[in-house]
Chemist: 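Take this structure, written in structure tokens, and hold onto it; I'll ask about it next.
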Amino acid sequence: MSGQPAKGATSEQVLDGVRRRHARRRRARRALVWAGRIGVAVGAVVVWDLVSGTLVRPFFISSPQAVAARLLDWFGSADFWFHARFTLTSTALGFLSGATLAVLLAWPLALRRVAYRVVEPYFLIAYSIPAVALGPVFILWFGIGLAPKIVLAAYFVFFVVFINTVEGIRQVPQGLLDVTRVMGGARWATMRSVLLPGALPYVLAALRVTLPAAMIGAVVGEFIASNRGIGYLTRAAAGRYQTAGVIAGTIVLAAIVLLLSMSLRPLSRVLRWRPEVRLRGDDVV
């Protein structure tokens with residue numbers, strides 16, 4: 001039968017055949033996933049084109065042709081790339097500053113449980129405040145330049161990374177820490193060899209989640225008060241009732257968020273040191 005090991009085959013040959021079959025299946029699944037994604041996108045555009053002008057007036061949802069024309073006009077303009085650079089700069093600086101500050105604060109607090117229990121309610125209170133409500137305050141403090149957008153982006157990032165880092169450190173088994181100390185492990189060696197690998201999956205998961213959130217924070221600041229950025233272009237188009245410009249701005253922001261999220265996917269390779277447990281019949285894409 002096809003797929004069955006041949007008689008007299010060595011264990012290495014059998015294993016090599018199994019690996020090749022799994023590789024073919026992974027490629028087939030990957031191709032199927034991409035075909036499905038493209039099909040969904042094409043179907044959505046087709047439905048949008050059919051609905052625009054027939055069931056809904058183009059004033060409310062525009063049309064794919066008008067949005068595509070606006071995107072082509074933007075991409076050919078140096079002014080658009082100036083605004084895009086402003087948004088990306090505030091997003092990147094806010095993400096880096098918020099994530100760095102969160103890890104630096106979470107690490108010592110997670111190791112001192114009493115100190116963390118003292119400050120935990122205040123972090124939760126600060127986290128419960130809607131970041132959008134703080135936007136006007138930050139703009140009042142820092143003006144309408146780059147600074148308030150960075151602060152807002154960092155605010156969106158900080159608490160998620162902080163909470164995940166603390167949780168990751170606290171999930172390291174106490175018995176493992178005790179064994180490390182009994183074996184003579186120094187503080188820095190314990191942090192590097194035990195605590196950091198244990199907390200790393202939580203930190204990386206938080207980074208992947210908060211990268212789009214940093215973009216949201218920067219764009220919120222541009223919507224509230226700004227004269228630069230993609231959020232400003234979208235708000236200006238909405239103020240002139242240009243639906244095509246609003247949808248084009250939304251598509252650009254969504255595409256940037258998607259690309260940023262995909263750029264962090266290689267970080268998952270760091271986790272390959274962890275043993276992977278699968279049950280018989282499990283299908284991993």
Side-chain angles (χ1 to χ4, degrees), residues 40-42 44-49 51-53 56-98 130-157 208-264:
V40 170
V42 172
V45 172
V46 170
V47 172
W48 177 16
D49 186 50
V51 170
S52 177
V56 182
R57 293 175 55 190
F59 174 79
F60 295 103
I61 62 172
S62 188
S63 66
Q65 295 82 2
V67 173
R70 177 57 58 90
L71 289 173
L72 291 175
D73 181 60
W74 278 359
F75 293 159
S77 171
D79 186 58
F80 168 78
W81 295 109
F82 167 79
H83 289 286
R85 187 167 59 251
F86 182 84
T87 300
L88 289 174
T89 300
S90 57
T91 298
L93 293 178
F95 175 75
L96 292 175
S97 58
V132 177
L134 293 176
V137 178
F138 292 152
I139 291 172
L140 179 65
W141 289 349
F142 304 107
I144 63 172
L146 191 65
K149 285 71 178 179
I150 296 175
V151 174
L152 266 176
Y155 188 89
F156 272 80
V157 171
R208 291 193 62 182
V209 170
T210 54
L211 185 54
M215 171 69 73
I216 295 173
V219 173
V220 165
E222 294 173 358
F223 268 110
I224 295 174
S226 181
N227 55 4
R228 288 172 290 178
I230 299 177
Y232 162 75
L233 289 179
T234 307
R235 179 170 59 87
R240 293 190 291 267
Y241 299 101
Q242 297 176 352
T243 311
V246 175
I247 296 178
T250 304
I251 291 175
V252 169
L253 292 173
I256 293 175
V257 168
L258 178 61
L259 292 175
L260 291 176
S261 299
M262 293 178 64
S263 68
L264 283 183

Chemist: Could you tell me whether the side chain of D49 reaches within less than 4.5 Å of the side chain of Q65, counting heavy atoms only?
Modeler: yes

Chemist: Would you find more than 12 non-hydrogen atoms of other residues, nucleotides or ligands less than 6.0 Å from F138 atom CZ?
Modeler: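 Atom CZ in F138 is packed in, count exceeds 12.
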
Chemist: Using atom types as modelled and distance alone, determine if a side-chain donor or acceptor of S90 lies under 3.5 Å from a backbone N or O of K149.
Modeler: no

Chemist: Quick one: does I247's side chain get under 4.5 Å of W48's, heavy atoms only?
Modeler: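 In short, these two side chains touch, coming nearer than 4.5 Å.
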
Chemist: Between G245 and W74, what is the shortest heavy-atom contact and its length?
Modeler: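 Scanning both residues completely, I find the closest heavy atoms to be O-CH2, 3.4 Å.
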
Chemist: Would L71 and V252 count as a side chain to side chain contact (heavy atoms under 4.5 Å, CB included) if you check the C-alpha gap in whole Å, the side-chain angles of each, and the deciding distance to 0.1 Å?
Modeler: CA-CA 8 Å; L71 289 173; V252 169; 3.6 Å; yes

Chemist: So does A66 get a backbone contact from the side chain of S63, meaning a donor-acceptor N/O pair under 3.5 Å?
Modeler: yes

Chemist: For the residue pair T234 and G249, what are the closest heavy atoms and their distance?
Modeler: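 In terms of heavy atoms, the two residues are closest at OG1-CA, 3.5 Å.
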
Chemist: At what distance, to the nearest 0.5 angstrom, does CZ of R85 lie from CZ of F80?
Modeler: 11.5 Å

Chemist: So do E222 and H83 actually touch side chain to side chain, heavy atoms under 4.5 Å?
Modeler: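 Not touching, per the 4.5 Å side-chain cut-off.
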
Chemist: Rounded to the nearest 0.5 Å, what separates atom CD1 in I230 from atom CE in M215?
Modeler: 6.5 Å

Chemist: Verify, without hydrogens or angle tests, whether T87 (side chain) and G229 (backbone) share a donor-acceptor contact under 3.5 angstrom.
Modeler: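 No, because the side chain of T87 does not come within donor-acceptor range (under 3.5 Å) of the backbone of G229.
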
Chemist: Would you indicate whether the side-chain heavy atoms of P58 and T243 approach each other to under 4.5 Å?
Modeler: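 No. Closest side-chain heavy atoms not under 4.5 Å.
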
Chemist: Can you give me the closest heavy-atom contact between V157 and T210, atom names plus distance?
Modeler: CG2-O, 3.6 Å

Chemist: Could you pull out the closest heavy-atom pair between S97 and I150, with the gap in Å?
Modeler: OG-CG2, 4.2 Å

Chemist: Would I256 and T91 satisfy side chain to side chain contact (heavy atoms under 4.5 Å, CB included), going step by step from the backbone distance to the final call?
Modeler: CA-CA 11 Å; I256 293 175; T91 298; over 6 Å; no

Chemist: When rounded to the nearest 0.5 angstrom, what is the spacing between CD1 in I139 and CG in L134?
Modeler: 11.0 Å

Chemist: First locate atom CG of L258, then atom CD1 of I251, and finally report the distance between them rounded to the nearest 0.5 Å.
Modeler: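 With rounding to 0.5 Å, CG (L258) is 13.0 Å from CD1 (I251).
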
Chemist: Which heavy atom in V257 sits nearest to a heavy atom in P212, and how many Å separate them?
Modeler: CG1-CB, 3.4 Å

Chemist: Got F223 and Y232 here, is their nearest side-chain heavy-atom distance under 4.5 Å?
Modeler: no

Chemist: Are the side chain of S52 and the backbone of S62 linked by a donor-acceptor contact shorter than 3.5 Å?
Modeler: yes

Chemist: Considering non-hydrogen atoms only, spot the tightest contact between P64 and V45 and give its length.
Modeler: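 Minimum heavy-atom contact is CG-O, 4.0 Å.
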
